[in-house]
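Shown next, in structure tokens, is the structure this report addresses.
All heavy atoms count here, side chains included; hydrogens, waters and symmetry mates do not. Treat the numbers as computed from the prediction; the structure is a model and nothing was measured.
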Protein chains: 2
Amino acid sequence: MATNIHDVAKAAGVSVATVSKVLNGYTTVNANTKERVLQIVKELQFYPNSAARSLVGRRSMTIGIFLTTGLAHPFFTQILSGMEQALKSLGYDLIYLAQMSRAKEYSFVHHCHSRNVEGVVVFGFQQEEMSFDELIESGIPTLFIDLDIKKGRAGYISSDNHEAVERAIRYLIDLNHHRISFLSGNKDSYANRQRLEGYRSGLAEAEIPYREDYVSEGDFTREMGYQAMNKLLALAEPPTAVVCCSDMSAVGAMEAIQDAGLSVPEDISLIGFDDIEIASNIRPALTTTRQDMITIGRRSIELLDELIKDKELPPPEVIIPTELIIRKSTGPAKG
Amino acid sequence: MATNIHDVAKAAGVSVATVSKVLNGYTTVNANTKERVLQIVKELQFYPNSAARSLVGRRSMTIGIFLTTGLAHPFFTQILSGMEQALKSLGYDLIYLAQMSRAKEYSFVHHCHSRNVEGVVVFGFQQEEMSFDELIESGIPTLFIDLDIKKGRAGYISSDNHEAVERAIRYLIDLNHHRISFLSGNKDSYANRQRLEGYRSGLAEAEIPYREDYVSEGDFTREMGYQAMNKLLALAEPPTAVVCCSDMSAVGAMEAIQDAGLSVPEDISLIGFDDIEIASNIRPALTTTRQDMITIGRRSIELLDELIKDKELPPPEVIIPTELIIRKSTGPAKG
DNA sequence: TTGTACGCGTTATCAA
DNA sequence: TTGATAACGCGTACAA
């Protein structure tokens with residue numbers, strides 16, 4: 001059906017071995033024959049069968065993608081779009097392995113082997129609940145996004161969450177805020193731990209003592225933001241500024257503030273995280289931290305490629321800078 | 001490295017042929033041997049190599065995905081999430097073929113053949129600018145989303161855009177509106193053509209004459225909505241209700257209305273399309289049409305699967321119902 | 001009911 | 001510089 005290497009060999013009047021050599025860039029082939037073969041390849045529109053290729057142990061040019069939380073990642077499309085750029089230029093195709101839920105004994109690692117996947121990118125936001133031991137021990141080159149796993153042939157890439165929150169704190173302190181709260185996301189997540197540390201070191205830098213009651217647990221949702229903010233408002237000495245772990249929780253917090261008859265930023269300054277669409281649409285528009293997910297996506301593939309090509313490469317550990325987008329939800333502290 | 005069929009055969013004390021038969025559900029194998037083989041397969045965690053499988057002409061269980069507009073489709077994740085369900089239960093993996101932009105002679109069809117892709121799903125919103133002739137003529141089972149191509153082994157699935165707008169018009173007429181405008185999206189797109197027809201037939205049903213100046217050209221953006229609305233407001237007899245082709249353009253229209261010192265829905269009723277997040281967050285919350293993209297995604301794979309399995313199957317043509325979500329941007333006509 | 005042996009399309013080895 | 005041929009892992013006639 002589709003033309004194969006034999007068709008090309010016949011048409012060019014050479015052996016299949018020669019065609020293969022031309023296609024794989026061997027230098028041990030005459031310039032004229034090479035040109036003739038290339039000509040025929042173009043004429044016949046010959047594309048080598050990748051199944052046969054990977055069967056003989058050559059590269060499959062396939063990268064797998066593993067989503068820990070289905071498609072629910074807020075930046076899924078951005079990450080993918082960044083990945084796309086690198087996939088193109090490096091020549092990989094991306095395969096999404098549908099996990100067989102029925103089979104109790106399903107193994108993602110075996111699925112990868114069965115598909116001759118050369119490397120895997122992993123992301124999602126519930127990573128802490130999963131075990132990646134099998135994947136890491138399998139030795140398949142793996143790149144985690146937003147999860148600090150660095151072991152064997154597995155490395156990671158992430159935004160600079162620490163610096164992001166530290167910078168937000170610094171900005172608020174410049175606005176004369178001293179009572180600054182941190183509205184935390186899922187406790188165990190790597191990103192959140194880093195952000196919490198950024199909060200602490202931001203305060204420490206200005207010699208503001210850390211107050212337990214100014215840090216609220218939670219998740220990344222709007223409802224959580226609403227409730228957490230209400231608790232903060234009930235304190236004897238409520239904060240004058242709040243740094244939230246997501247834009248959605250900041251939106252919830254804003255609603256709580258407004259429902260309490262207060263206003264943003266006059267009474268309380270609010271900073272979000274993510275810069276999703278709603279951040280610029282809400283009134284007042286939300287000051288927030290923007291992550292460069294396009295770059296994270298692109299670099300994740302590039303790093304994975306390096307990991308695949310160099311078996312001895314120590315696993316990468318890459319932190320991407322973020323940006324503070326200043327809008328209308330932050331202002332000078334009262335008084 | 002990974003265990004292969006020979007390892008299993010040896011361990012089970014049978015030939016590779018027997019193992020293969022067991023794995024492929026042949027009935028011509030003794031119940032006991034079958035059980036023994038299955039046991040070993042589980043113990044050894046044997047997963048057949050898919051490259052070898054597809055090489056011998058058996059199924060590759062791979063479906064390709066083609067995005068006409070990169071990842072920019074507003075419902076990309078929803079469609080994908082619907083697709084995921086069907087992929088799982090049918091056992092397919094999904095491959096995203098990185099299109100080699102550099103190669104002038106790049107052919108998506110050949111890329112598919114080279115990867116032994118069994119079928120392709122196509123979606124995006126700039127379809128009108130592309131040519132799918134090669135894909136359709138290749139005979140690869142293809143399923144288009146939101147594009148009415150039905151030819152050879154290519155069919156399509158789409159929301160019921162016609163009925164959606166007709167229903168919106170009917171709803172506005174029930175609210176006593178007579179001057180109803182349609183804020184059109186990209187003229188050539190299939191979805192938009194259907195919506196325009198729905199607009200016409202909705203008016204015709206109520207015997208309201210079609211007015212050229214009530215239909216504005218445009219795209220799906222917020223800016224366009226703003227400008228188009230301004231033109232409508234400048235008419236001698238402006239509409240009392242506007243049906244928009246997207247929520248974003250409705251948001252733009254709302255801004256134009258408010259900037260003109262008028263209010264929604266008191267002066268003008270507004271209906272969007274899509275029900276994206278902003279629709280429920282904006283004030284007043286937007287009445288809009290919700291598309292069931294999860295179902296569209298799931299069905300697209302199911303239909304493709306049928307197309308793959310039955311070479312004689314006439315190409316499917318499936319329309320999925322939509323839902324009108326009534327919020328606060330619509331109200332009775334003035335006076 | 002089971003096993004032998006060939007072929008799928010490609011790459012790599014080795015001889016010419 | 002080129003070509004014949006043995007792998008790669010699997011499915012399937014066909015023979016036993």
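- Regarding B/M61, its CE atom lies at a distance of 16 Å from the C1' atom of D/dC10, rounded to whole Å.
- Proximity of A/Y47 to the phosphate of C/dG9: no side-chain N or O atom is located under 4.0 Å from OP1 or OP2.
- Side-chain contact, A/R115 with B/T62: a donor N or O sits under 3.5 Å from an acceptor N or O.
- At whole-Å resolution of the value, CG in A/L44 and P in C/dG9 are 14 Å apart.
- Shown here are the side-chain hydrogen bond (donor to acceptor under 3.5 Å, both in side chains) partners of B/K10, two or more places apart in sequence or in another chain: there are none.
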Output side-chain donor-acceptor pairs under 3.5 Å for residues 15-23 of chain A, partner residues at least two apart or in another chain, one line each.
from: A/S15; atom 1: OG; to: A/A17; atom 2: N; distance (Å): 3.3
from: A/S15; atom 1: OG; to: A/T18; atom 2: N; distance (Å): 3.3
from: A/S15; atom 1: OG; to: A/T18; atom 2: OG1; distance (Å): 3.3
from: A/S20; atom 1: OG; to: A/N24; atom 2: ND2; distance (Å): 3.4

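- In this structure, CZ of A/F46 is placed 10 Å from P of C/dG9, rounded to the nearest angstrom.
- Looking at residues two or more places apart in sequence or on another chain, you find a side-chain contact (heavy atoms from CB on, under 4.5 Å) between A/A51 and A/N49, B/A51, B/S54, B/N116.
- Scanning DNA chain C for stems, defined as runs of 3 or more consecutive Watson-Crick or G-U wobble pairs whose donor-acceptor distances all fall under 3.5 Å, gives the following ranges: C:1-16 with D:1-16.
- Considering only residues two or more places apart in sequence or on other chains, B/N32 meets the side-chain contact (heavy atoms from CB on, under 4.5 Å) condition with B/N30.
- Residues meeting the salt bridge (Lys or Arg N to Asp or Glu O under 4.0 Å) test with A/K150, sequence neighbours left out: A/E317.
- A heavy atom closer than 4.0 Å to some atom of DNA chain D occurs in no member of residues 34-41 of chain B.
- The separation between B/L55 atom CG and D/dG11 atom P is 11 Å, rounded to whole Å.
- For A/T33, counting side-chain heavy atoms from C-beta on, the closest listed nucleotide (D/dT2, C/dT1, C/dG7) is D/dT2.
- Nucleotide D/dC8 holds its P atom 12 Å from the CG atom of B/D7, rounded to whole Å.
- Across the protein-nucleic acid pair, B/H6 atom NE2 and D/dA7 atom P stand 12 Å apart, rounded to whole Å.
- Defined by atom type and a distance below 3.5 Å, a donor-acceptor pair is missing between the side-chain atoms of B/D146 and B/Y190.
- For B/R193, the salt bridge (Lys or Arg N to Asp or Glu O under 4.0 Å) partners two or more places apart in sequence, or in a different chain, are B/D148.
- For the residue pair B/D93/A/Y96, the side-chain donor-acceptor check at 3.5 Å is not satisfied.
- Residues satisfying the salt bridge (Lys or Arg N to Asp or Glu O under 4.0 Å) criterion with B/D7, sequence neighbours excluded, are absent altogether.
- Taking only side-chain atoms of A/N49, from C-beta outward, the nucleotide of C/dT11, D/dG9, C/dG9 with the closest atom is C/dG9.
- Close to C/dA12, at under 4.0 Å from its OP1 or OP2, lies no side-chain N or O of A/S20.
- Put simply, A/Y26 has no side-chain N or O that comes within less than 4.0 Å of OP1 or OP2 on D/dT2.
- Spacing between atom CG of A/N116 and atom C1' of D/dC10 amounts to 12 Å, rounded to whole angstrom units.
- The side chain of B/S54 places no N or O atom within less than 4.0 Å of a non-bridging phosphate oxygen (OP1 or OP2) of D/dC10.
- A/N24 has a side-chain polar atom (N or O) that falls below the 4.0 Å cut-off from OP1 or OP2 of C/dT11.
- Contacts of A/R299 classified as salt bridge (Lys or Arg N to Asp or Glu O under 4.0 Å), with partners at least two apart in sequence or in another chain: A/E302.
- Annotation: side-chain contact (heavy atoms from CB on, under 4.5 Å) contacts of B/E306 (sequence neighbours excluded): B/L303, B/L313.
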Which pairs, protein N/O on one side and nucleotides 3-5 of chain D N/O on the other, fall under 3.5 Å?
from: D/dG3; atom 1: OP2; to: A/S15; atom 2: N; distance (Å): 2.9
from: D/dG3; atom 1: OP2; to: A/S15; atom 2: OG; distance (Å): 3.3
from: D/dG3; atom 1: OP2; to: A/T18; atom 2: OG1; distance (Å): 2.8
from: D/dG3; atom 1: O6; to: A/K21; atom 2: NZ; distance (Å): 2.7

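- In this structure, B/R53 reaches the D/dG11 phosphate: one of its side-chain N or O atoms is under 4.0 Å from OP1 or OP2.
- Rounded to whole angstrom, the span from the CZ atom of A/R59 across to the P atom of C/dG9 amounts to 24 Å.
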